[in-house]
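One-based numbering, in listed order, for ligands and for the atoms of each.
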Amino acid sequence: MTDNKPKLHDVKLRIIKQLSDGYFHSGEGLGEQLGISRAAISKHIKGIQEWGIDIYRVQGKGYQLSSPIDLLDLDIIQSGSSVPVELFPVIDSTNQYLLDHINERPSGSVCIAEYQAQGRGRRGRQWASPFGSNLYFSMYWQLESGVAAAMGLSLAIGVAIVDALEGLGAEGLKLKWPNDLYFEDKKLAGILVEMSAQTGGVAHLVIGMGLNINMKVDGSTIDQPWANLNQVFTGDIPSRSEIVIALIEAWKQVLEQYENQGMAGFVERWNELDNFKNKPIKLLIGHKEIQGIGKGINQQGGILLETEQGLETYLGGEISLRKVE
Ligand code: ATP
Ligand code: BTN
């Protein structure tokens with residue numbers, strides 16, 4: 001497990017802060033500012049590059065980021081939010097952090113990070129989480145209606161994310177059943193709902209989202225087409241902190257509505273946003289593969305598939321949807 005203590009990464013974070021303006025900074029100058037040698041700076045720069053930040057060095061000029069970083073600002077985020085927010089520069093996984101601390105936090109608490117060393121997707125898959133380029137965002141939620149009601153939660157949260165981003169000016173966002181946001185047929189964000197415990201009928205859930213904003217090429221972990229939010233906005237993209245504030249408020253509102261009405265209030269909107277409506281798709285269920293035409297979701301949040309046998313419904317966490325070429 002990665003150590004979440006900020007002190008451990010203090011020097012690297014201070015270097016990133018200096019470089020975040022996008023200008024050149026000499027190794028010597030950085031060393032003087034931080035009270036360490038040029039050699040130590042060079043070592044830290046290597047560590048920073050391992051976090052996925054693109055830094056290059058030009059002889060006689062020093063170090064420069066390939067593009068400026070818009071760092072998350074906790075003061076701005078907290079002052080615009082109605083729930084407690086924790087920001088970590090480096091963490092193993094924001095979902096894991098909240099799962100480990102639910103007894104000490106009120107429902108609605110949020111954890112965000114600039115970098116995840118062990119970001120995860122469904123079924124233990126890796127979530128690429130380079131420093132400073134995307135959002136890694138988790139919220140703890142006590143679902144009074146219990147775990148049986150949690151089935152459609154990733155669908156309702158998908159709607160919340162699209163609505164929050166549209167409120168900021170985004171267009172063309174779509175959803176893929178059961179847990180992804182799509183833009184131009186590429187994966188823009190993923191949602192991961194995990195349960196810590198159930199006490200007296202209340203489900204203690206952590207809902208996480210990874211949203212790509214301006215991620216550079218990732219050759220290692222992503223084996224499918226993916227998109228960035230900066231491709232979605234035609235004009236200026238809001239700051240990452242503004243996006244976090246909009247997401248927090250949208251999630252809270254949707255979770256409260258979900259608590260009272262379940263999927264009912266979201267089905268129609270979800271179906272409007274369905275990326276695969278009336279398109280040929282296949283469902284992967286274990287070793288089984290079922291082909292058909294996507295027909296959106298039903299009132300329970302199950303996926304509807306028109307097959308040769310007629311209209312079929314599938315519901316459950318172990319199903320993957322794929323497009324048929
Ligand atoms: P499923 O339909 O089963 O959910 P999926 O391929 O979307 O399929 P997930 O577990 O939801 O699988 O997401 C993890 C997958 O997402 C990884 O296997 C990888 O291919 C991809 N991935 C990892 N990091 C990112 C990222 N930052 N942006 C987009 N896609 C990513
Ligand atoms: C998926 O598509 O499978 C879901 C990806 C979820 C990634 C987010 S990033 C914040 C939170 N912390 C994690 O480790 N995972 C989720």
| said: Please work out, at 4.0 Å between heavy atoms, whether the side chain, the backbone, both, or neither of M209 comes within that distance of ligand 2. | reply: backbone
| Minimum-distance protein heavy atom relative to atom 8 (O) of ligand 1 | R322 NH2, 3.2 Å
| said: Starting from atom 10 (C) of ligand 2, what is the nearest protein heavy atom, named by residue and atom, and what distance separates them? | reply: T94 OG1, 3.2 Å
| Below 4.5 Å, heavy atoms only, C-beta onward: do L181 and V162 meet side chain to side chain? | yes
| request: Compute the ring centroids of Y136 and W127, then answer whether they are less than 6.0 Å apart. | output: no
| query | Are any non-hydrogen side-chain atoms of F266 and V254 less than 4.5 angstrom apart? | reply | yes
| query | How are the rings of W51 and H9 set relative to one another: parallel (under 30°), tilted (30 to 60°) or perpendicular (over 60°)? | reply | perpendicular
| task | May I ask you to identify the nearest protein heavy atom to atom 3 (O) of ligand 1, giving residue, atom name and distance to one decimal place in Å? | result | S320 OG, 2.5 Å
| query | Given that the side chain starts at C-beta and the backbone is N, CA, C, O, which of these parts of N134 lies under 4.0 Å from ligand 1, counting heavy atoms, or is it both or neither? | reply | neither
| request: Treating Ile, Leu, Val, Met, Phe, Trp and Tyr as nodes and any side-chain heavy-atom pair under 4.5 angstrom as an edge, say whether M215 and I243 lie in one connected cluster. | output: no
| request: Check for a donor-acceptor pair, side chain of K176 on one end and backbone N or O of L321 on the other, with a separation under 3.5 Å. | output: yes
| query | Do I237 and I69 sit in the same hydrophobic cluster, where Ile, Leu, Val, Met, Phe, Trp and Tyr count as joined when their side-chain heavy atoms come under 4.5 Å apart? | reply | no
| query | Hey, does M151 have a side-chain heavy atom less than 4.5 Å from the side chain of P178? | reply | no
| said: Any non-hydrogen side-chain atom of D274 less than 4.5 Å from a side-chain atom of I297? | reply: no
| Identify the closest protein heavy atom to atom 1 (C) of ligand 2: which residue and atom is it, and at what distance? | N179 ND2, 3.5 Å
| task | Enumerate the atoms of ligand 2 whose separation from the nearest heavy atom of F137 is less than 4.0 angstrom. | result | 10 (C)
| query | Is there any N or O on A128 that sits under 3.5 Å from an N or O of ligand 1? | reply | yes
| Residue D223 vicinity, atoms of ligand 1 by number, heavy atom under 4.0 Å | 18 (O), 19 (C), 20 (O)
| Which protein heavy atom lies closest to atom 27 (N) of ligand 1, and at what distance to 0.1 Å? | N212 OD1, 3.1 Å
| note | In ligand 2, the atoms that come under 4.0 Å of a heavy atom of S138 are 11 (C)
| K187 and ligand 2 - part of the residue with a heavy-atom distance under 4.0 Å | side chain
| field | Cluster overlap I161 with I248, hydrophobic side-chain contacts below 4.5 Å | value | yes
| note | Under 4.0 Å from one or more heavy atoms of D180, ligand 2 contributes atoms 2 (O)
| field | Residue G119 vicinity, atoms of ligand 2 by number, heavy atom under 4.0 Å | value | 14 (O)
| task | Name the closest protein heavy atom to atom 9 (S) of ligand 2, giving the residue it belongs to and the distance to 0.1 Å. | result | Q116 NE2, 3.4 Å
| For atom 23 (C) of ligand 1, which candidate among R125, R122, E318, Q126 holds the nearest heavy atom? | Q126
| Shortest protein heavy-atom distance from atom 31 (C) of ligand 1, along with the residue and atom involved | W127 CZ3, 3.4 Å
| In the protein, which heavy atom is nearest to atom 5 (C) of ligand 2, and how far is it? | W127 CE3, 3.5 Å
| Would you say W226 has any N or O atom under 3.5 Å from an N or O of ligand 1, going by distance alone? | no
| query | Looking at side-chain heavy atoms only, is the closest gap between H44 and L30 below 4.5 Å? | reply | no
| Does the side chain of M209 come within less than 4.5 Å of I207's, by heavy atoms? | no
| task | Return the residue, atom name and 0.1 Å-rounded distance of the protein heavy atom closest to atom 3 (O) of ligand 2. | result | R122 N, 2.9 Å
| Are the side chains of D163 and R269 in touch, meaning some heavy atoms are under 4.5 Å apart? | yes
| query | Would you call I281 and W177 a side-chain contact if the rule is heavy atoms closer than 4.5 Å? | reply | no
| task | Going by heavy-atom distance to atom 11 (O) of ligand 1, choose the closest among K187, K186, R123. | result | K187
| note | With heavy atoms and a 4.0 Å threshold, my read on which part of D180 contacts ligand 1 is side chain
| task | Heavy atoms only: give me the nearest L165-F233 pair and the separation to one decimal. | result | O-CZ, 4.3 Å
| message | So, regarding S93 and ligand 2 (criterion: nitrogen or oxygen to nitrogen or oxygen, under 3.5 Å), is there a contact or not? | response | yes
| request: Could you go through the salt bridge (Lys or Arg N to Asp or Glu O under 4.0 Å) check for R240 and E114 one step at a time? | output: CA-CA 10 Å; R240 290 162 74 231; E114 292 285 16; 2.8 Å; yes
| Counting from 1, what ligand 2 atoms have a heavy atom of G121 closer than 4.0 Å? | 1 (C), 3 (O), 4 (C), 5 (C)
| Which part of I191 is near ligand 2, with near meaning a heavy atom under 4.0 Å away: side chain, backbone, both or neither? | backbone
| said: Give me the residue, atom name and distance of the protein heavy atom closest to atom 21 (C) of ligand 1. | reply: Q224 NE2, 3.5 Å
| Among protein heavy atoms, which sits nearest to atom 16 (C) of ligand 2, and what does the distance come to when rounded to 0.1 Å? | R120 O, 3.9 Å
